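On a predicted model such as this, the values are computed, not experimentally measured, just so you know.
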Amino acid sequence: MNSNRNTRSRQLRNIGVIAHVDAGKTTTTERILFYSGESHRMGEVHEGTTQMDFDPQERARGITINSAATTVHWHGTQINLIDTPGHIDFNIEVRRSLRVLDGAIVVFDGVAGVEPQSETNWRLADQYHVPRIAFINKLDRVGADFLRVVDMMEERLGAKIVPVQLPIGAEGEFRGVVDLIEQHALIWDRDDASQPYRVEPVPENMSALAELWRARLIEAAAEIDDAVLRPYLNGEVIAPEALRAALRRGTLASTLVPALAGSAFKNRGVEPLLDAVVHYLPSPEEVHQGEGPFAALAFKLVADDHGSLVFTRIYRGHLRRGEVVLNTATGKTERVSRIYEMHADQRVERESAQAGDIVALVGLKDALTGHTLADPAAPITLEAIETPEPVIHLAVEAKARTDLPLLSKGLQTLLREDPSLRLSQDAESGQTILSGMGELQLEVSLEKLRQRSGLQLSVGRPQVAYRSTLQRATQVHHLHKKQSGGPGQFAEVLLSFAPLPRGEGLRFENRITGGVIPREFIPAVEQGIRRAAQAAGPEGYPVVDFEAVLLDGAFHERDSSSMAFELAAAHAFKQALAQGGVQVLEPVMAVEVITPPEYLGDVIGDLHRRQGSVHAQEQRGTSAVVQAEVPLAAMFGYIGSLRALSSGRAQYSMRFDHYAPALREPVTA
């Protein structure tokens with residue numbers, strides 16, 4: 001595999017568009033396609049004509065479900081762009097996209113500002129060290145306020161936001177922006193993109209405000225770059241190029257975030273947004289070293305009638321069609337039969353790809369999300385992609401027993417595509433249980449299964465994914481001894497168990513000294529505890545957030561084995577639960593309700609009846625906003641209740657926040 005191809009000669013950006021649901025993310029992406037010349041017709045979400053939301057379910061529901069990749073070109077720069085879902089149920093799409101992207105546009109609703117999922121996505125971008133720019137959208141809407149959203153971002157996200165534009169006009173009068181770097185105004189005279197923007201002097205009534213915010217911009221740039229600091233201290237004119245270079249440096253270091261203004265739906269602000277992508281977001285070589293033997297990360301799978309498309313980010317080296325790659329997760333080599341550049345659901349075949357490219361590969365049968373593909377002569381393993389734990393279950397059965405093999409195959413395909421789904425068998429009923437992040441995700445997944453296979457399904461009611469934990473610290477001695485002809489089984493362990501704070505998981509520590517248990521058997525002790533914890537709690541709920549410490553033990557030269565120590569540890573753990581007591585935990589959701597003020601009292605009263613805890617209220621534009629924590633078990637069917645008590649005018653969003661002791665008996669079917 002050729003590793004000498006140089007990516008530094010290419011002008012390239014790998015970016016994502018992320019936002020809370022309904023912030024205008026897909027509309028912004030559609031406008032990017034139009035203004036870059038990639039599309040000659042603007043797709044509209046409300047008409048079901050978008051290019052990026054091409055799945056029939058996406059068009060029918062009016063939301064993004066799957067992340068979609070495309071490529072556009074803007075003034076000599078190639079932009080590989082991924083449009084991601086905004087709904088919390090499809091957060092895995094955001095996670096795996098941010099893992100492989102070099103930068104992001106974060107879209108905010110100019111009225112709602114920082115919403116729950118925009119905050120969640122922002123934290124994910126922090127986790128993956130993704131530089132970003134902010135696009136404050138929908139400034140044509142009643143109640144929109146650019147500077148209020150900037151303040152919200154700084155307060156809630158803890159980020160330093162540097163506006164590089166100010167809006168001209170508000171709500172229905174929004175017609176342009178002041179460019180604080182170039183010190184002129186950009187005016188859009190029409191809503192329909194039939195005319196380019198005009199460049200004009202800054203409106204007189206905005207000159208003082210523009211000077212104030214330009215001064216703040218220069219101060220932010222001067223803190224980063226001496227090329228700005230020196231002329232700033234000397235009172236000299238600072239060139240726009242110097243300001244942009246300083247802001248770029250700050251953006252790449254994630255010490256600041258440039259903020260832009262616009263209304264994608266009204267075709268205002270999109271061209272400067274594309275300019276900002278080029279000016280401030282990194283090229284691949286500024287983030288990753290592209291030279292060396294081939295290395296890439298598989299970050300998404302899409303199954304079709306001909307096999308699987310494996311979406312891949314190439315970090316190093318060069319790949320040609322027909323070459324063999326090593327999957328370091330499986331240890332197997334496979335041949336890449338096709339390489340595609342993706343444009344939503346359209347494919348453009350390529351002979352090769354190189355470091356920095358995001359492409360789809362065909363021919364890889366064993367690759368899964370998070371697997372590393374490498375040159376067989378230079379194996380390497382890249383950081384994998386974290387997947388969230390499911391919080392909701394439902395039982396799935398085929399109505400016809402003869403369809404069981406088809407159901408099993410279809411469910412396995414869903415799991416390959418979406419690693420945030422889980423599959424298990426109920427030990428008592430024998431039912432197949434599908435688990436995920438929310439009702440909508442499971443509903444969409446099963447509809448996909450029906451469409452692909454034509455299966456008739458029986459689906460149970462959604463169930464909460466309860467967990468359990470140890471209530472008190474305890475110490476357990478267990479001797480596992482069995483003799484029934486032939487080799488026996490012998491393992492003796494002394495273990496202490498103690499609860500941990502929520503979210504800490506399972507910790508295992510070995511404090512044995514002197515070799516009372518041979519080193520090769522220690523992993524079996526940990527494995528026995530981990531396996532038992534998967535279903536040892538009441539009703540088979542997994543046991544979480546505890547510490548297990550191996551203190552002492554004994555072994556037999558002939559009869560001890562890894563299996564014996566695994567069984568001993570599992571029995572000891574079950575004994576610890578009996579001695580220390582078990583507490584059932586339930587998922588608690590962070591809920592945000594946006595309602596007309598006249599329904600505020602009813603909304604809060606309803607949340608309290610659901611055992612919710614309201615911790616914040618605020619006015620946002622003309623609406624009242626309530627933030628609360630509510631047990632997931634109490635949120636089933638909430639949308640119907642909310643519509644009824646608000647005459648259909650209130651809306652809500654929720655995301656998983658934490659596990660807490662269950663306030664009532666677990667909800668079962």
Side-chain angles (χ1 to χ4, degrees), residues 54-58 60 65-68 85 89-90 92-93 96 298-312 327 329-338 340 342 345 347 360-371 373 384-385 387-390 392-463 465 534-535:
F54 54 83
D55 184 279
Q57 286 203 72
E58 293 178 315
I65 294 169
N66 309 293
S67 57
D89 283 22
F90 310 108
I92 183 60
E93 297 283 350
R96 54 187 176 188
F299 68 93
K300 176 176 171 133
L301 271 75
V302 176
D304 63 16
D305 296 337
H306 308 290
S308 294
L309 279 176
V310 180
F311 285 75
T312 305
N327 184 330
T330 65
K332 297 179 181 178
T333 56
E334 295 191 89
R335 187 176 302 276
V336 176
S337 59
R338 295 281 190 277
Y340 291 113
M342 298 301 295
D345 59 341
R347 309 176 187 181
L361 308 180
V362 175
L364 307 178
K365 296 180 181 178
D366 294 321
L368 296 174
T369 295
H371 284 184
L373 308 174
I385 298 170
T387 55
E389 287 296 314
I392 190 169
H393 308 310
L394 53 76
V396 185
E397 294 179 335
K399 288 188 175 179
R401 295 190 64 83
T402 53
D403 286 336
L404 286 176
L406 192 58
L407 173 63
S408 177
K409 181 180 177 182
L411 288 171
Q412 290 300 326
T413 299
L414 288 179
L415 265 61
R416 283 174 57 82
E417 292 184 318
D418 186 347
S420 68
L421 293 173
R422 302 283 195 280
L423 204 60
S424 60
Q425 294 291 129
D426 186 285
E428 292 185 9
S429 67
Q431 288 180 310
T432 298
I433 307 297
L434 184 65
S435 306
M437 297 303 299
E439 289 182 85
L440 182 58
Q441 180 199 23
L442 296 179
E443 182 184 321
V444 166
S445 298
L446 293 177
E447 182 59 30
K448 185 185 296 184
L449 178 59
R450 291 186 184 99
Q451 290 173 356
R452 286 176 175 174
S453 63
L455 282 169
Q456 296 292 313
L457 300 176
S458 295
V459 179
R461 289 175 50 213
Q463 306 290 312
Q534 286 302 306

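- Residues Glu417 and Val302 are in side-chain contact: their nearest non-hydrogen atoms beyond the backbone lie under 4.5 Å apart.
- Atom CG of Leu407 sits about 12.5 Å away from atom NZ of Lys409, to the nearest 0.5 Å.
- Across all their heavy atoms, Ala465 and Ile392 have their closest contact at CB-N, 3.7 Å.
- From Ile385, atom CD1 reaches atom CD1 of Ile92 across 7.0 Å, with rounding to the nearest 0.5 Å.
- Here Lys332 pairs with Asp366 under the salt bridge (charged side-chain N to carboxylate O under 4.0 Å, His left out) rule; sequence neighbours left out.
- Atom-to-atom distance recorded for Leu394:CG and Thr432:OG1 is 11.0 Å, nearest 0.5 angstrom.
- Here the rule is side-chain contact (heavy atoms from CB on, under 4.5 Å) with Leu423, and of Leu434, Val396, Leu414, Ile433 only Leu434 fits it.
- Shown here are the salt bridge (charged side-chain N to carboxylate O under 4.0 Å, His left out) partners of Arg335, two or more places apart in sequence or in another chain: there are none.
- Atom CG in Leu406 sits 9.5 Å away from atom CG in Leu411 (nearest 0.5 Å).
- Once rounded to the nearest 0.5 Å, the distance linking CD of Gln425 with CD of Gln431 reads 9.5 Å.
- Once rounded to the nearest 0.5 Å, the distance linking CG of Leu301 with CG of Leu415 reads 12.0 Å.
- Residues passing the side-chain hydrogen bond (donor to acceptor under 3.5 Å, both in side chains) test with Ser420 are Asp418, Gln441, sequence neighbours excluded.
- Paired with His371 under the rule side-chain hydrogen bond (donor to acceptor under 3.5 Å, both in side chains), one option of Thr330, Thr312, Asn327 passes, and it is Asn327.
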